[in-house]
Asks: 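Below is a structure I'd like to ask you about.
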Amino acid sequence: MEVAKAYDPKQAEQSHYERWESSGFFSPEINQDPDAPKYSIVIPPPNVTGSLHMGHALQHTIMDVLTRWKRMQGYRTLWLPGTDHAGISVQRKVVEQLKKDEHKTPLDIGREEFVRRAWAWKEQYGNTITEQMRREGASVDWSRHRFTMDESLSKAVRSVFVTLYDEGWIYKGLRIVNWCPKDKTVLSDLEVKEETRKDGKLYYLRYPLSEPPASAGGENASDDQADSRDGDLPPAHAGGSALIVATTRPETMLGDTAVAVNPKDERYKHLIGKMIALPLTDREIPIVADEYVDAEFGTGAVKITPAHDPNDYQLGQRHDLPQLLVMNDDGTMNAAAGKEFEGLDRFKAREKVIERFDELGLLEKIDDYEISLPVCERCKTIVEPILSDQWFVKMDEMRDMALDLMRTEGAPHFSPQVPHEKVYTTWLENLKDWTISRQLWWGHQIPAWYDADGNVFVAHTADEAKEKAGGRELTQDQDVLDTWFSSGLWAFSTLGWTGNADALVRNEGDARTDSLTAAQEHSPQAVSADGGVRVPSDLETFLPTDVLVTGRDIIFLWVSRMMMLTKKFVDKKAFEDVIITGTVLGKDGKPMSKSRNNGVDPIEMFDKFGVDATRIYLASIATGADIKWNDLLIETYRNFANKIWNATRFCLLNSERAKVDHASLMDRSGLSLADRWIISRLNQTAIDVNKSLAKYEFHTAVSLLYHFFWDDFCDWYIELVKDEITSKRDGFSRSDEETPEGVTLTKTRILTILEIALRMLHPFMPYLTEELWLTLPGTGKEMLARAYKDAEATIMLTAFPPGDANAIDAAAEAEMQSVIDLIKKVRNIRSEMNIKPSDKVAVHVAANAEMLANFTASDAQIKKLARADNIVLGETLDVPKASAKAVLSGGAEIAVPLEGLIDFDKERERLQNQIAKLDTELQRLNGQLSNADFVNKAPAEKVEALRERKGELEHQIATLKMNLEALN
RNA sequence: GCCGUCUUAGCUCAGUGGUAGAGCACUCGCUUCACACGCGAUAGGUCACAAGUUCAAAUCUUGUAGACGGCACCA
């Protein structure tokens, strides 16, 4: 059999995915077992403008490991893929393209044409991640691929909107919102990030009173102010008085409609109710009193701009102040700001306001001020709080539903639970209403229509709205919904829910997109055409989904909203568990980003190290932990892949007349110690791997598999049986030479163990394991798990090894451990005494009868692995002085005669080192055991264990000391 | 400001109330016929610091220092 000497991932990666996909292995329909339990995951839909990054690769790996593991366990498994339409991002791409290619704006081409181009853009560029996921080996059911703007998902969006509106959970109103002047749309609170700027300024502006206050009692405002706080403040102008306000956004003063002071503030009490002549305008504004004002901050007097600040807005409501909007949607000043300022950009206007105040002698001072500014998460533009008429979702009742689920069912269960559960609930508790309208053309247009008088009609369709309006001509709301509004329905909208009263009955005549066709195929009607057997829909079968795998950044944006909306509309949990992955950081320890240029492209890693190595490396990161990227770590798993490849190669090179046969591990008679040991280790590993995966401890599972395969299987088992199954017969006993069936059986066992190990590795390393599994003799269709028996041969549909507790053989493990111990001690002597590898040694062993029998049985293997030509076993040692010695656990001693080779000084040093090591431990034990509190209070078995260990140590030390003496 | 996380071997990271682990790097020795992406053998850590709880603390508590994350912010 021709097998390359080193593993080349590319070849395996090219040959299997297409076959898996076209054979339908990824679909739940592949499962033929009518009683199979289901397992489902919906992918967090990557946005169509994106390409695969390391975070995706990490999350996809985890989802695929779980999906493949459950599929192999016989679950009816669905991992549903899809993408979201990324309203703002796509809109921006299309606008840019339009500008670059045609020097046009969206307004030039109109809404309809713009949307057409956005679809074209999506068709052309929106499949990047989809293709990359195939490379990853993701076992998603492509026939159920969904896009948030598919017709069926859009129907779900409209249904949800109408229902929430009808129930009063959606409303439209004037509120202060976050406005991005670059994208010219409102943003939700979650799409705004705070950025701290050290170079901020706090401007102190002097606002003159319209008329001087009554001067009785010398209560001159500016004098008061000067006396109590800022002695250096001169009066505004001769004979007049003024208030000084502090602001970080001077340009908004053009929209001031009041100045507020704290009613308890003695400095200003007498001014309450007086008017201010607002500079640069011809308006007079009142001085009002409000508890909100902090007398300690700034000057204690606050300019109030209700249309441009959330706090001012609230205050304005309380005092019935006018709301004066002075800005346009692009961040320039509007007509209300005055002729002088109209058309100026907000920051230019700021400069100009300051300039003019200075000219008028009204600029008091400018302080440096560290400020945190809200910026648009996507474009980093400074967000403008602005009064705007928008659609909102009232969150209080939905929030309570989510909190109830957590309280009563602990759902969803977060992994890791700390800190995410608390972060999630705390966020919910402080939840504010959600701004859902966006001033974009790309997305789900809001299903609200207006008549000529501005009356609103919310309906599923234009026709329905018109009907509601009594046939009047209507125009639809121009805005679209937040992309996260449709993402929030993802758990159930992707499974066929469109909002009909009976979710199981499908709408007719709407099959406009491929996805919908697919949905119909998989979501048959509750009752078949002939009124026969009821086939459960995807929604019934797969919801709640089992687990959601995502990053911290979208717990609020998506996880919480999906939880709430699913509960509200389907009355189910969206998912049972949530795995929050950590962040893969760049080599510099900072999150990967384009601006830092510290990103690592998963595709490059696939090319360099292979998909499987990248996957198992990502799975080896502790769940939820951040990790600094380092190529060396993937290299570990590239090497592991090569090890698996070569171990298989070895087995194949020695597989004449043998084939994979699970019965060969069942028949206990005729098993050698090594066989019993590796079977025990194999089953223990399988049990532990299953346990680890069930707890989402992927890194533990990887570590178990890595060490089982490399240490137990390759370093020991293969080495132990190597002589027997290779053509080399040196040192092998005659009886096996005469019974080639025994050799064939050993070959069979090693192939079988390898085959089981490959199955356990498959979820992590799908390509390599499939490639190798198909080449093993004896594998084929007949080895598929029961639920998949009609499928073609593939490792991905075999049973995941459950592990058999009965096959765990403690005695074999202990016996093997002493053989390993013996071999390691001899190797140590050889190495430290500089024995050439080619030189054979004799090994003398003194031990009790049981151990001697054990060593006798493993004579050939010990000889092979210790490079010994003679093993002398006895009750006592009888060796020349020129021997190197060691003690084994269990009271055995060994000696390697080194006539003419021994360096006595070196041997003394070696023995002393060993004594010192054991002695350190003995000291510690003695300390503990002489502590009466320990002996009395610690569990008896702990104390007993230490006493036993102490006896052992004392014996070993005594033996070593005797050996040391003997050298002198 | 509030909430929270992290600090373990040179590096990147696991880990558990009861003798500190891995991979890589380092040192020594190997063209041992599956694999040098390998084999064998060493070396390397007062588990950030301090106090407390406990028979026992790297592990639990509190505090300190440093790194970081989330949320909220008074103009």
Side-chain angles (χ1 to χ4, degrees), chain A residues 3 5-7 189 194 202-203 245-249 252 259-260 292-294 296-305 309 311-312 369 371-372 416 418-420 422-423 426-427 430 552-553 555-556 583 587 589-591 609 613 617 620-622 624-633 635-654 699-700 703 706-707 714-715 718-719 722 726-728 823-824 827-832 834-838 864-865 867 913 920-922 924-925 928 931-939 942-943 945-946 949 953:
Chain A
V3 184
K5 199 172 167 182
Y7 174 51
D189 294 349
E194 296 292 328
L202 190 58
Y203 303 88
V245 298
T247 179
T248 54
R249 296 189 293 154
T252 62
V259 169
Y292 155 78
V293 179
D294 176 0
E296 300 300 313
F297 188 90
T299 61
V302 189
K303 58 186 275 312
I304 299 299
T305 326
D309 183 279
N311 292 308
D312 292 6
Y369 186 63
I371 190 173
S372 81
V418 176
H420 301 113
K422 191 172 174 187
V423 169
T426 307
W427 181 78
N430 299 301
R552 286 189 275 270
D553 49 338
I555 293 178
F556 307 144
T583 309
K587 292 183 216 304
K590 304 247 171 67
F609 300 105
Y617 163 58
S620 79
I621 300 167
D626 291 350
I627 185 127
K628 266 187 243 185
W629 188 263
N630 187 344
D631 279 4
L632 287 175
L633 299 170
E635 226 172 287
T636 298
Y637 292 99
R638 192 264 320 259
N639 296 350
F640 184 48
N642 188 55
K643 190 73 180 177
I644 296 167
W645 177 266
N646 272 290
T648 306
R649 182 163 168 256
F650 171 82
C651 294
L652 289 171
L653 289 170
N654 297 288
H699 63 297
T700 309
S703 168
Y706 184 95
H707 292 290
C714 292
D715 286 352
I718 287 184
E719 295 303 326
K722 190 176 259 182
T726 57
S727 55
K728 191 178 168 192
I823 292 167
K824 281 182 160 280
R827 282 175 173 173
N828 175 265
I829 288 169
R830 297 186 57 110
S831 177
E832 306 242 321
N834 297 322
I835 312 286
K836 276 192 284 183
S838 52
K864 153 95 178 163
L865 297 185
R867 298 190 156 266
N913 279 344
T920 311
E921 196 188 334
L922 183 63
R924 194 173 30 229
L925 287 190
Q928 263 184 289
N931 180 343
D933 281 334
F934 172 70
V935 178
N936 294 332
K937 295 186 184 174
K942 290 275 183 228
V943 179
L946 287 200
R949 179 69 186 148
L953 283 172

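Per chain, numbering begins at 1; letters A, B, ... match sequence-line order.
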Asks: Could you work out the separation of rG52(B) and rA67(B) based on their C1' atoms and round it to a whole Å?
Replies: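 Taking atom C1' in both rG52(B) and rA67(B), they lie 26 Å apart.
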Asks: Checking all strands, does Arg830(A) fall into the base, sugar-phosphate, or nothing category for heavy-atom contacts under 4.0 angstrom?
Replies: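 No contact.
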Asks: Which nucleotide wins on minimum distance to the side chain of Lys422(A), given the candidates rA14(B), rG4(B), rA75(B)?
Replies: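 Shortest atom-to-atom distance from the side chain points to rG4(B).
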Asks: For nucleotides 19-26 of chain B, read 5' to 3', which letter fits each nucleotide if B means a protein heavy atom sits under 4.0 Å from the base, S means only the sugar-phosphate is that close, and - means neither?
Replies: B--SSS--
Asks: Taking only residues two or more places apart in sequence, or in another chain, which ones meet Asp312(A) in a salt bridge (Lys or Arg N to Asp or Glu O under 4.0 Å)?
Replies: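 In terms of salt bridge (Lys or Arg N to Asp or Glu O under 4.0 Å), with neighbours along the sequence ignored, Asp312(A) is linked to no residue.
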Asks: Ignoring hydrogens and angles, does a donor from either the side chain of Lys5(A) or the base of rC35(B) sit under 3.5 Å from an acceptor on the other?
Replies: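 No, no donor-acceptor pair under 3.5 Å.
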Asks: Between rA43(B) and rA25(B), how far apart are the two C1' atoms, rounded to whole Å?
Replies: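 My reading of the C1' atoms in rA43(B) and rA25(B) gives 13 Å.
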Asks: Looking for any heavy atom pair under 4.0 Å, which part of the strands does Lys643(A) touch: base, sugar-phosphate only, or nothing?
Replies: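 Base contact.
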Asks: Going by the rule side chain to side chain donor-acceptor pair (under 3.5 Å), which residues pair with Ser620(A) if we only count those two or more places apart in sequence or in a different chain?
Replies: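 Per chain and number, Ser620(A) pairs via side chain to side chain donor-acceptor pair (under 3.5 Å) with no residue.
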Asks: Can you check the distance between rA22(B) and rG44(B), where both ends of the measurement are the P atom (answer in whole Å)?
Replies: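 rA22(B) and rG44(B) have their P atoms separated by 14 Å.
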Asks: Should stems be defined as at least three consecutive Watson-Crick or G-U pairs with both distances under 3.5 angstrom, which of them involve RNA chain B?
Replies: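 RNA chain B forms these stems: B:1-7 with B:65-71, B:10-13 with B:21-24, B:27-30 with B:38-41, B:48-52 with B:60-64.
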Asks: With Arg830(A), which residues qualify under salt bridge (Lys or Arg N to Asp or Glu O under 4.0 Å), at least two apart?
Replies: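 Counting only residues at least two positions away or on another chain, Arg830(A) forms no salt bridge (Lys or Arg N to Asp or Glu O under 4.0 Å).
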Asks: Can you tell me how the ring of Tyr617(A) sits relative to the ring of Trp629(A), calling it parallel under 30°, perpendicular over 60° and tilted otherwise?
Replies: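 Taking Trp629(A) first and then Tyr617(A), their aromatic rings stand perpendicular (interplane angle over 60°).
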Asks: Using a 4.0 Å cut-off on protein heavy atoms (strictly under), produce a 5'-to-3' string for nucleotides 65-71 of chain B with B for base contact, S for backbone-only sugar-phosphate contact, and - for none.
Replies: -----SS
Asks: Which part of the nucleic acid, if any, lies within reach of Cys651(A) when heavy atoms closer than 4.0 Å are counted: base, sugar-phosphate only, or nothing?
Replies: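 Nothing, no nucleic acid heavy atom in range.
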Asks: Taking side chain to side chain donor-acceptor pair (under 3.5 Å) as the test, write out the residues that go with Asn311(A), two or more places apart.
Replies: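 By the side chain to side chain donor-acceptor pair (under 3.5 Å) rule, Asn311(A) matches no residue at all.
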Asks: Using the test salt bridge (Lys or Arg N to Asp or Glu O under 4.0 Å), find all partners of Arg949(A) that sit at least two apart in sequence or belong to another chain.
Replies: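 Glu921(A).
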Asks: Does Arg638(A) reach a base, just sugar-phosphate, or nothing at all? Heavy atoms under 4.0 Å.
Replies: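 Result for Arg638(A) = base.
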Asks: Once you measure the plane-to-plane angle for Tyr637(A) and Tyr706(A), does it fall in the parallel (<30°), tilted (30-60°) or perpendicular (>60°) bin?
Replies: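 Perpendicular: the ring planes of Tyr637(A) and Tyr706(A) meet at over 60°.
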Asks: Mind checking what makes ring pair (Phe, Tyr, Trp, His ring centres under 6.0 Å) contact with Phe556(A), not counting sequence neighbours?
Replies: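 Once residues adjacent in sequence are excluded, the partners of Phe556(A) under the ring pair (Phe, Tyr, Trp, His ring centres under 6.0 Å) criterion are Trp427(A).
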Asks: Could you list the residues that satisfy salt bridge (Lys or Arg N to Asp or Glu O under 4.0 Å) with Arg649(A), not counting sequence neighbours?
Replies: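 None.
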Asks: For rG10(B) versus rC26(B), give the span between their C1' atoms, rounded off to a whole number of Å.
Replies: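 The same atom, C1', in both gives a distance of 8 Å.
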Asks: What is the nucleic acid contact for Ala945(A), judged by heavy atoms within less than 4.0 Å: base, sugar-phosphate only, or nothing?
Replies: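 Here Ala945(A) touches no strand at all.
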Asks: Can you name the side chain to side chain donor-acceptor pair (under 3.5 Å) partners of Arg552(A), sequence neighbours left out?
Replies: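 Once residues adjacent in sequence are excluded, the partners of Arg552(A) under the side chain to side chain donor-acceptor pair (under 3.5 Å) criterion are Thr583(A), Asp626(A).
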Asks: Classify Tyr617(A) by what it touches in the nucleic acid, base, sugar-phosphate, or nothing, heavy-atom distance under 4.0 Å.
Replies: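 Here Tyr617(A) touches no strand at all.
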Asks: Any base atoms under 4.0 Å from Lys836(A), or only sugar-phosphate, or nothing? Heavy atoms, all strands.
Replies: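 Result for Lys836(A) = nothing.
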Asks: Remember a base hit wins even if backbone is also touched, and classify Ile555(A) as base, sugar-phosphate or nothing at under 4.0 Å, heavy atoms.
Replies: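 Nothing, no nucleic acid heavy atom in range.
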Asks: Determine the Euclidean distance between corresponding P atoms of rU16(B) and rU7(B); express it in Å to zero decimal places.
Replies: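 Between the two P atoms, the distance is 12 Å.
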Asks: Could you list all N or O pairs between the protein and nucleotides 54-56 of chain B that sit under 3.5 Å apart?
Replies:
{"from": "rC55(B)", "atom 1": "OP1", "to": "Lys937(A)", "atom 2": "NZ", "distance (Å)": "2.8"}
{"from": "rC55(B)", "atom 1": "O2'", "to": "Asn931(A)", "atom 2": "ND2", "distance (Å)": "3.1"}

Asks: Whole angstroms only, please: what is the CZ-P distance between Arg827(A) and rU42(B)?
Replies: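 Rounding to the nearest Å, CZ of Arg827(A) and P of rU42(B) are 10 Å apart.
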Asks: Asn936(A) near the nucleic acid: base, sugar-phosphate alone, or nothing, with a heavy-atom cut-off under 4.0 Å?
Replies: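 The answer is nothing, as Asn936(A) stays clear of every strand by at least 4.0 Å.
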